[in-house]
Structures are given as structure tokens and as C-alpha cells.
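A short write-up of the structure that comes next.
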Amino acid sequence: MHAWAAPDVPTLPGKGSLLRLHDTGAQAVRLTDPGETATMYVCGITPYDATHMGHAATYVTFDLVHRYWLDAGHDVHYVQNVTDIDDPLLVRALHTGDDWVALGDRETQLFREDMTALQVIPPRHYIGAVESIPAVISYIEKLRDAGAVYDVDGDLYFRVNADANFGSVAHLSDERMLEIFAERGGDPDRQGKEHPLDCLLWLLERPGEPSWDSPFGKGRPGWHIECSAIALDHLGIPIDLQGGGSDLAFPHHEMGAAEAQVATGVGPYARHYTHAAMVRLDGEKMSKSRGNLVFVSRLRAAGIDPAAIRLAILSHHYRTDWDWTDEGLAQAQERLAAWRAACAAPAAPGATPVLAAVRAHLANDLDAPAALSVIDRWAENTRLRSGASASEDSHAGGEIKAIVNSLLGVAL
Ligand code: 5CA
Ligand code: ZN
């Protein structure tokens, strides 16, 4: 699939220190230390509805990583999927009378437009589940050769215990794994399974549902193998970073890691598993299934500057769940106006210490709120000093614009 247009990312002088990032697998903040090419896989949308603020926050989080690594001089190989075939898409299409392909195409296009507006740097490879079916088939064959596959009435399952490290991504008790697996698309109670947590690799054709040819019969891929097959195919193992929202740590990233480790015989699948916290509305997780959604496209249509939406997201640390509110958006709009006014001032305090401070805060587990405070202080100093001229810098406004645009993705 094609992704979306890349924003302009100004090059800044010098570079920051190594990025420290929380790793769910290690349950700690750890240094990232990628090679010349940094590899990142972030789970993409299931396109049955428009992009909401939760999705936006997750993609903006990993966009900060992308930008930080680019600033540090890495070539960033970023891959993202689109789950363009899965139960929710078929259920929604059935409900609305839409064609499931047309529904997926339409919502994916809207997502591209939202990501472009939010200045999210596009993935180098943007891959649909449907177009990755040949890769999925080849990885299922590898798992079968490794003795990790069995069938229940023609559907193929992965034996989670084929991976000695199963459980080391999310660190949940058996009881919690079972509960969450049932809530998030799993089928712990299905008769004929060897272990309740074993997950689906290939679903045999169901009447009225789309299906594709395979050596295992006509059918369609399970969810987790889709992402591990795409990541292995494009990035190899280990990837530097597997990202997504915290609702994906289990079962999705746990299962995907186990499948990739068994299929390749090496591990770990990812050096870092990093998860963005959940955005809520009125205290409840914003989700398509709950329907309590604030859409990026609606805000854009109402004339809200996407830079203000991005600032509203960045004013929260990515590891703390937070509520989307009108007040939060209004504060972001005020902040944006204050920053723009300061950048337009004829002379302002110099940008060099600002750049060092913004980089240091981002390197500290993406502390975007602290980075925003640095720019707030610079803007406030500029406002207080308007009229003075000695020791001020007539280029500082332009330099601050470049810093904010390059590292935070906010166009001033
Ligand atoms: N297609 C799968 C991943 S392979 C999927 O989870 N799609 S999704 O459309 O449901 O979510 C897309 C991304 O947004 C995922 O990374 C998910 O973790 C994240 N996400 C979903 N809801 C929220 C929320 N309320 N807050 C933050 N992130 C969210
Ligand atoms: Zn995924």
C-alpha cells in the first residue's frame, strides 16, 4: 500500500545522547542503541472507523522516537501494517451494508489524511494484511516445520508453549492472561485446543466470508501472525522497537514475539517493546467498540489547527493514561499562539540551550511535557523582553521553529 506524504523535517546542529525508553519486556527504562539503521514496527489500524485521539496519540508517540533517531543520525526503517481483513471489519461491513474492501479503503485513506495533518512521518513500508498473506503462509509453514502447529476442525493453532520465553513481554499471571485473551479476540474455551492460550494462525473459510488459497485450505490469517510475518519479512530479527498502544502488550505482542521466535529459531524478536498509554473520554478508554470517540478528522473539519491537536497530545507523558478534554485542546491552542507570537518577535533569547534541553528531555523516556515547558519558558522570556535588544538574537525565532518542527513535529 502507499503510505502518506512525508513532512519536512529540518536538520539541526549537533545531536543528542542515546534515547532511553521504557521497555515493557524488561519492565524498566533502558537505553536504545540501534545501529546505523534503526528498525521500528508499530501496529497499524484496523480500518473500520475513523482515526480517534487514542490512535493519534499512539502514532504521535512513536513519531517522537522516529524524529529523535533521525536527529541522532540514524536511517530509520519504519514499518506499519493495516489490519485490512479481520472480524471487526467484516462485522461493521455487515452491519452498515458496506463492502468490506470499500470500508477498509475509505477509512485507511482518512487515516492517511489525519497522519499527514498531524505531521507524522510515514512508514517506509505500509503493508496491508491482505497483501501479506503469502508471507503469513510461509511463516505458518516454518512454525509447522518447528512442530508448533496443530489443527482444530481445520483451523490452525500455534502452541504458545513452543516458545520457552512465552510470557516475557507482558509479564502477566496465567489468570490475567486468560482473562485478557478472552476480552481481546482470543478463544480460551474452544473445544479441541491443547492449551487455552494457543492462538489462531489460519482460520478456515467460513460461509459468506472472504478467503484466500493456501496449502492449509482456503481461509484467512489470524491476527498476531500478520504482524510478526510483516515485521520479519521487512525488518528481520531482532527489530529495535516493537510499538503500539498498551492494549496490545497482551496478547498481541506476546503472541507475535513467540511466533517470530519459534519460526526463526532466534530471539528476542524485539530489543524494546514500548507501549503508549490509553487515551480516555470521561474516564473510559476511547475505543471503536465503546463508541466514545473524538475523531481527528472531525476536529480538522471544524477548523482546529492540527498543530494544536498534536500539542494537546504532547502535553501528556506517553506512559500515563489521560482524558481527552475540550479544555486540554483550548490550552494547546493558547500555547501554540504564544509560541507563534514569540517566534515572530524581532529578537529573542538564543536557541542553543533550548535545543540541548529539548533533546535531553526527549532522551529521558520521551518526556514531551518537559520539552514543551522549555519552549514555554523561551516564549515567555521573549515576551517579557520585547523592546530590549542587547544580547538578543534576531535568528532565534527561526531556530526555535526548526527545533519544534524537527523534534516535536509541530509546525509554528
Ligand atoms: N490493527 C490492530 C493492531 S495490529 C489494532 O489494534 N488496531 S486499532 O485500530 O484497534 O488500534 C490502532 C492503534 O491504536 C494500536 O496501536 C492501539 O493500541 C492504539 N489504540 C487504540 N485505542 C487507543 C486508545 N484509546 N488510546 C491510545 N491508543 C489506542
Ligand atoms: Zn499488530
Side-chain angles (χ1 to χ4, degrees), residues 1 24 40-63 65 79-89 91-92 103-104 107-108 110-111 114-115 118 120 123 126-130 132 135-136 169-170 180 183-186 199 221-235 239 241-260 269-270 273-296 312-313 316-324:
M1 291 198 173
T24 309
M40 174 162 83
Y41 185 93
V42 178
C43 285
I45 54 162
T46 304
Y48 69 93
D49 212 338
T51 321
H52 61 61
M53 294 314 312
H55 302 138
T58 287
Y59 298 112
V60 164
T61 294
F62 292 99
D63 191 52
V65 175
V79 176
Q80 188 180 129
N81 69 307
V82 186
T83 308
D84 58 1
I85 178 67
D86 203 1
D87 295 344
L89 203 68
V91 170
R92 175 63 65 94
L103 172 66
E107 298 303 347
T108 303
L110 191 59
F111 176 72
D114 289 335
M115 291 298 106
L118 292 172
V120 173
Y126 192 45
I127 310 289
V130 171
S132 69
V136 167
V169 174
I180 302 179
E183 285 163 20
R184 299 187 186 153
C199 66
W223 174 28
H224 317 303
I225 191 70
E226 164 198 344
C227 283
S228 29
I230 295 172
L232 290 173
D233 220 33
H234 289 85
L235 298 172
I239 50 177
L241 173 58
Q242 162 74 72
S246 59
D247 57 343
L248 296 187
F250 192 86
H252 188 50
H253 293 163
E254 190 80 66
M255 299 293 184
E259 288 167 350
Y269 168 59
Y273 297 89
T274 297
H275 294 104
M278 289 293 110
V279 179
R280 301 172 302 218
L281 193 67
D282 303 323
E284 284 236 47
K285 176 190 167 190
M286 204 178 273
S287 73
K288 289 178 273 205
S289 49
R290 282 198 183 82
N292 57 342
L293 305 173
V294 176
F295 294 119
V296 176
I313 292 169
H316 300 273
H317 190 262
Y318 82 96
R319 283 209 286 131
T320 308
D321 289 352
W322 55 282
D323 273 78
W324 176 264

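First listed ligand is number 1; within each ligand, the first listed atom is number 1. Residue numbers start at 1 and run along the sequence shown. Being a predicted model, the structure only gives us computed values, none of them experimental.
Counting heavy atoms closer than 4.0 Å to ligand 1, residue H252 contributes side-chain atoms (C-beta onward) but none from N, CA, C or O. Here L248 has side-chain heavy atoms under 4.0 Å from ligand 1, and that is the only part of it that gets that close. Contacts of R280 with ligand 1, taken as heavy-atom pairs under 4.0 Å, are absent altogether. No part of V82 comes within 4.0 Å of ligand 1, judged by heavy-atom distances. Both the backbone and the side chain of T46 come within 4.0 Å of ligand 1, judged by heavy-atom distances.
The shortest N/O to N/O separation between W223 and ligand 1 does not fall below 3.5 Å. Annotation: K285 places no N or O atom under 3.5 Å from an N or O atom of ligand 1; distance criterion only.
The residue from N81, D87, D86 that alone fulfils the side-chain hydrogen bond (donor to acceptor under 3.5 Å, both in side chains) condition with T83 is N81.
The heavy atom nearest to atom 16 (O) of ligand 1, out of those in G245, A276, C227, A277, is found in G245. Comparing G54, A249, G243 against atom 29 (C) of ligand 1, the shortest heavy-atom distance belongs to G54.
Scanning both residues, A57 and W322, for their nearest heavy atoms gives CB-CZ2, 4.1 Å. In terms of heavy atoms, V296 sits closest to H52 at CG2-O, 4.2 Å.
Between W223 and H252, the ring planes lie parallel to each other; the angle is under 30°, not in the 30° to 60° tilted range.
When only non-hydrogen protein atoms are considered, atom 28 (N) of ligand 1 lies nearest to T58 OG1, 2.8 Å. The single protein non-hydrogen atom nearest to atom 22 (N) of ligand 1 is H52 CE1, 3.5 Å, given as residue, atom name and distance. Of all protein heavy atoms, the one closest to atom 10 (O) of ligand 1 is K288 NZ, 3.9 Å. Among protein heavy atoms, atom 18 (O) of ligand 1 sits closest to D247 OD1, 2.5 Å. Annotation: atom 11 (O) of ligand 1 to nearest protein heavy atom, H55 CD2, 3.6 Å. Protein heavy atom in closest approach to atom 12 (C) of ligand 1: Y59 OH, 3.4 Å. For atom 26 (N) of ligand 1, the closest non-hydrogen atom of the protein is V279 N, 2.9 Å. Ranking protein heavy atoms by distance to atom 25 (N) of ligand 1, first place goes to M286 O, 2.8 Å.
In this structure, D321 does not pair ionically with K285, as no charged nitrogen and carboxylate oxygen lie closer than 4.0 Å. With respect to the salt-bridge test (charged N to carboxylate O, under 4.0 angstrom), the residues R184 and D247 do not qualify.
Rounding to the nearest 0.5 Å places OG1 of T274 at 5.0 Å from OH of Y318. Within the model, atoms CZ of F111 and OH of Y59 stand 5.0 Å from one another, a figure rounded to the nearest 0.5 Å.
Assignment of H275 to the shell around ligand 1 is not supported, since no heavy atom sits closer than 4.0 Å. Residue G44 places a heavy atom under 4.0 Å from ligand 1.
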- Task: Would you check, one step at a time, whether the test side chain to side chain contact (heavy atoms under 4.5 Å, CB included) holds for Y48 with E107?
- Result: CA-CA 6 Å; Y48 69 93; E107 298 303 347; 5.8 Å; no
- Worked verdict on H275 versus H253 for ring pair (Phe, Tyr, Trp, His ring centres under 6.0 Å): CA-CA 10 Å; H275 294 104; H253 293 163; 5.0 Å; yes
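Counting backbone and side-chain atoms alike, H252 contributes an N/O/S atom closer than 2.8 Å to the Zn ion (ligand 2). Because the distance cut-off is set at 2.8 Å, H224 fails to qualify as a neighbour of the Zn ion (ligand 2), as none of its N, O or S atoms comes that close.
Contact annotation: the side chain of L241 approaches that of V65 to within less than 4.5 Å [non-hydrogen atoms, C-beta and beyond].
No donor-acceptor pair under 3.5 Å is formed between the side chain of D84 and the backbone N or O of G128.
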